[in-house]
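As the structure is a computational prediction, the values presented were derived from the model and not from experiment.
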Amino acid sequence: MRRPAPRAHWRFQVSVSSTSAPASDPLAGLSSAGVSVWLDDLSRELLAGGELERLVADRHVVGVTTNPTISASALSQGDRYNEQLRALGGKGASVDDAVFALTTDDVRDGCDVLTPVYERTGGVDGRVSIEVDPRSARDGDVTIEQARRLWETVDRPNLLVKIPATREGLAAITTAIAEGISVNVTLIFSLDRYRAVMDAYLSGLEQAQAAGRDLSGIHSVASFFVSRVDTETDRRLDGIGTPDAVALKGRAAVANARLAYQAYQDVTAGPRWQALAAAGARPQRPLWASTGVKNKDYPDTMYVREHVIPGTVNTMPGTTLEAFADHGTLPAADKPSAADYAAATAHLQALAEAGVDFSDVTDTLEDEGLTKFEDSWTELGETVHRQMHTTGDGEARPRAGTPTTDTPAGAGLLAVYLNDHLSGATAGLELFRRAAQTQQGQKYGAELAGLSRQVEQDRDSLTQIMTDLDVSADQTKVVVGWLAEKAGRLKPNGHLFSRSPLSDLLELESMLLGVQGKAACWRTLRALADTDDRLFTDHLDTLLERAEQQSAALERFRLAAAERVLTPARSSA
């Protein structure tokens with residue numbers, strides 16, 4: 001006999017206008033409007049310092065999400081992981097096992113902090129998410145095995161296992177739900193993929209029902225990513241460059257999310273879902289992810305305010321959470337209207353007419369999202385490996401197969417080689433920073449600023465590689481590199497102290513040469529990695545690929561500058 005779905009599952013269906021939350025507490029208003037406020041961050045510092053409890057009490061946080069990038073960042077905060085890592089290193093644990101231990105311990109503790117919320121909301125909120133290894137995102141069989149292991153190891157009913165919404169991941173989502181594992185489906189960008197995710201969830205519930213499971217204990221959210229859609233679409237619109245194209249910027253993400261919610265309404269209104277709901281199934285709530293604004297020209301709370309929809313989740317990075325707490329506002333309506341859906345459809349059609357292939361946008365974002373998580377996972381592994389093999393006094397613990405200081409004949413030359421590149425990297429970073437500042441507000445200003453941040457990260461990677469190889473940085477050479485860039489401003493460009501029309505072109509050529517030299521360094525280290533286990537091939541491959549992307553972008557900027565400066569019609573002006 002089927003029992004009716006408890007009405008409590010739909011308690012969020014209230015009007016924004018009915019909330020009595022004070023205007024001085026926008027997050028309370030957001031919560032009263034039916035939006036679950038989740039924090040997109042988790043670290044041992046956040047847990048041990050009592051900050052998470054404060055956010056639950058004062059900022060209306062009722063859930064936490066994490067991912068490989070957040071986990072990698074967490075290890076850089078304080079020293080609360082050091083003792084556990086040294087102990088794991090002393091036991092000979094692998095890097096993957098150590099990462100698993102650290103992340104599951106943190107998530108378990110987070111689940112315990114949020115248990116009162118979980119109990120108060122009947123299991124709807126009080127949730128903490130943990131992601132499967134992103135390297136397995138294209139392998140459904142490995143993904144489901146990892147999901148089972150995470151579920152069993154954390155051993156908390158308020159856990160959500162994050163599974164990427166790749167084509168290969170869909171079957172793993174269905175299997176996990178069928179086995180009673182609650183799932184946060186992540187990295188959803190396209191409407192077609194979102195519909196496939198909802199179908200995978202319903203299929204899993206149907207299988208669970210056939211197996212006699214209690215459907216009311218199975219929960220899921222579908223994380224639909226937002227801000228990255230605008231970032232990629234805006235980049236393409238800027239590339240098209242027409243006034244009509246530029247006028248379309250900043251609206252693709254909201255339009256895409258509006259239509260996602262419409263798809264959710266269509267599914268939950270259908271007979272397939274209604275039959276499951278009657279058996280006690282919980283809706284797979286839409287979760288708005290990547291809600292931090294990446295473009296400084298847009299309001300910093302826009303991806304929260306534009307997604308105030310009852311029965312949904314908004315997971316925010318700490319900065320966005322605090323921004324909304326400070327000056328967030330709520331819209332007048334509590335749900336998208338038919339007119340909103342029509343406008344969203346019209347906007348995507350306008351993008352197509354302008355020359356933006358939106359399907360390619362979402363495909364690109366999925367690939368980039370997986371790559372970013374894989375890179376973060378690699379970075380996390382490197383940090384864990386390093387700290388596992390460091391003694392309490394900061395000295396590296398020797399490992400089997402690691403060359404000693406008197407083993408390699410070329411160790412001294414390697415130190416000279418790397419310090420020369422470090423000097424060049426220092427000069428290059430100064431040049432990138434200056435070029436980005438000079439071009440601020442210009443056509444390629446934002447991209448140069450992004451490249452500058454990447455170059456800084458690359459320099460940090462080089463210094464860390466040197467540490468791993470027991471190569472000390474020669475501060476004299478670092479200073480020489482810095483001074484060389486400063487002196488380079490007095491280049492013969494036709495003006496001794498001020499910038500000339502040639503300055504942009506010469507700077508771009510210098511930056512391009514620097515990036516090509518950096519790529520050569522990564523290739524050299526990649527070759528050495530075959531015989532030196534202190535070097536990580538995956539990380540070097542990532543650095544090399546990024547250098548090649550940087551070269552392509554700089555060459556594009558350089559050719560544009562050359563055409564602008566050197567064509568006869570313009571050079572005489």
Side-chain angles (χ1 to χ4, degrees), residues 231-242 245-246 249 294-295 355-356 364 368 420-462 481-524 542-573:
T231 300
E232 178 63 18
T233 305
D234 287 0
R235 184 187 69 79
R236 299 187 184 205
L237 291 170
D238 281 334
I240 295 169
T242 64
V246 173
K249 289 173 60 177
K294 311 237 178 346
N295 188 327
V356 174
T364 297
E368 287 183 350
D420 284 346
H421 272 284
L422 180 60
S423 177
T426 301
L429 177 57
E430 289 292 319
L431 179 57
F432 268 89
R433 285 171 172 168
R434 177 158 57 89
Q437 184 176 11
T438 301
Q439 296 297 321
Q440 189 173 13
Q442 302 302 312
K443 185 174 183 181
Y444 301 117
E447 290 182 82
L448 276 173
L451 288 178
S452 177
R453 289 190 292 271
Q454 288 184 12
V455 168
E456 183 173 10
Q457 293 167 1
D458 292 344
R459 184 184 182 280
D460 291 343
S461 292
L462 177 58
W482 182 82
L483 290 173
E485 193 282 327
K486 302 302 182 187
R489 300 188 188 191
L490 301 177
K491 50 189 174 293
N493 59 6
H495 292 63
L496 185 57
F497 294 106
S498 61
R499 295 180 66 83
S500 84
L502 281 174
S503 295
D504 290 349
L505 178 58
L506 292 174
E507 281 182 347
L508 287 165
E509 290 183 347
S510 296
M511 288 187 284
L512 180 59
L513 288 172
V515 169
Q516 290 170 343
K518 174 174 62 180
C521 177
W522 299 147
R523 282 192 290 270
T524 297
T542 298
L543 291 171
L544 182 55
E545 180 181 359
R546 185 158 69 180
E548 292 168 349
Q549 293 171 350
Q550 292 166 356
S551 293
L554 289 169
E555 177 64 7
R556 180 160 48 89
F557 302 159
R558 188 191 71 81
L559 290 174
E563 181 181 1
R564 183 177 68 252
V565 172
L566 300 179
T567 50
R570 296 179 181 177
S571 61
S572 60

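Between M511 and V515 there is no side-chain heavy-atom pair separated by less than 4.5 Å. Side-chain contact between D238 and R235 is absent, with no heavy-atom pair separated by less than 4.5 Å.
The closest donor-acceptor contact from the side chain of T426 to the backbone of L422 lies under 3.5 Å.
Of all the heavy atoms in G517 and H421, the pair that sits closest is O-CE1, 3.3 Å. Here the closest heavy-atom approach between residue L543 and residue S461 is recorded as CD2-OG, 3.9 Å. The minimum heavy-atom distance linking W522 with A547 is given by the pair CD1-CB, 4.2 Å. A pairwise comparison of heavy atoms in L508 and A561 identifies CD1-CB, 3.8 Å as the closest pair. V246 and L237 make their closest contact through CG2-O, 4.4 Å (heavy atoms, listed as atom of the first residue, atom of the second, distance). Of all the heavy atoms in Q516 and R523, the pair that sits closest is O-NH2, 4.4 Å.
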Pair L462-K518, side chain to side chain contact (heavy atoms under 4.5 Å, CB included): steps then yes or no: CA-CA 10 Å; L462 177 58; K518 174 174 62 180; over 6 Å; no

Chi angles and distances behind the side chain to side chain contact (heavy atoms under 4.5 Å, CB included) call for E545, Q549: CA-CA 6 Å; E545 180 181 359; Q549 293 171 350; 3.6 Å; yes

Working note: R564 + D504, criterion side chain to side chain contact (heavy atoms under 4.5 Å, CB included); need CA distance, chi angles, decisive distance, verdict. CA-CA 10 Å; R564 183 177 68 252; D504 290 349; 3.5 Å; yes

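Distance check, rounded to the nearest 0.5 Å: NZ of K249 to OG1 of T231 gives 10.5 Å. The structure places CD of E447 at 10.0 Å from CG of L554, a figure rounded to the nearest 0.5 Å. Between the CG atom of D234 and the NZ atom of K294 there is a distance of 12.0 Å, given to the nearest 0.5 Å. For the atom pair R459 CZ and F432 CZ, the distance stands at 14.0 Å (nearest 0.5 Å). Separating the CZ atom in R546 from the CD atom in E548 is a distance of 12.5 Å, to the nearest 0.5 Å.
With respect to E456 and R433, a salt bridge is recorded, a charged nitrogen being found less than 4.0 Å from a carboxylate O. Electrostatic pairing of E555 and R558 counts as a salt bridge here, judged by a charged N lying under 4.0 Å from a carboxylate O.
Checked by atom type, the side-chain pair R236/T364 shows a donor-acceptor distance below 3.5 Å.
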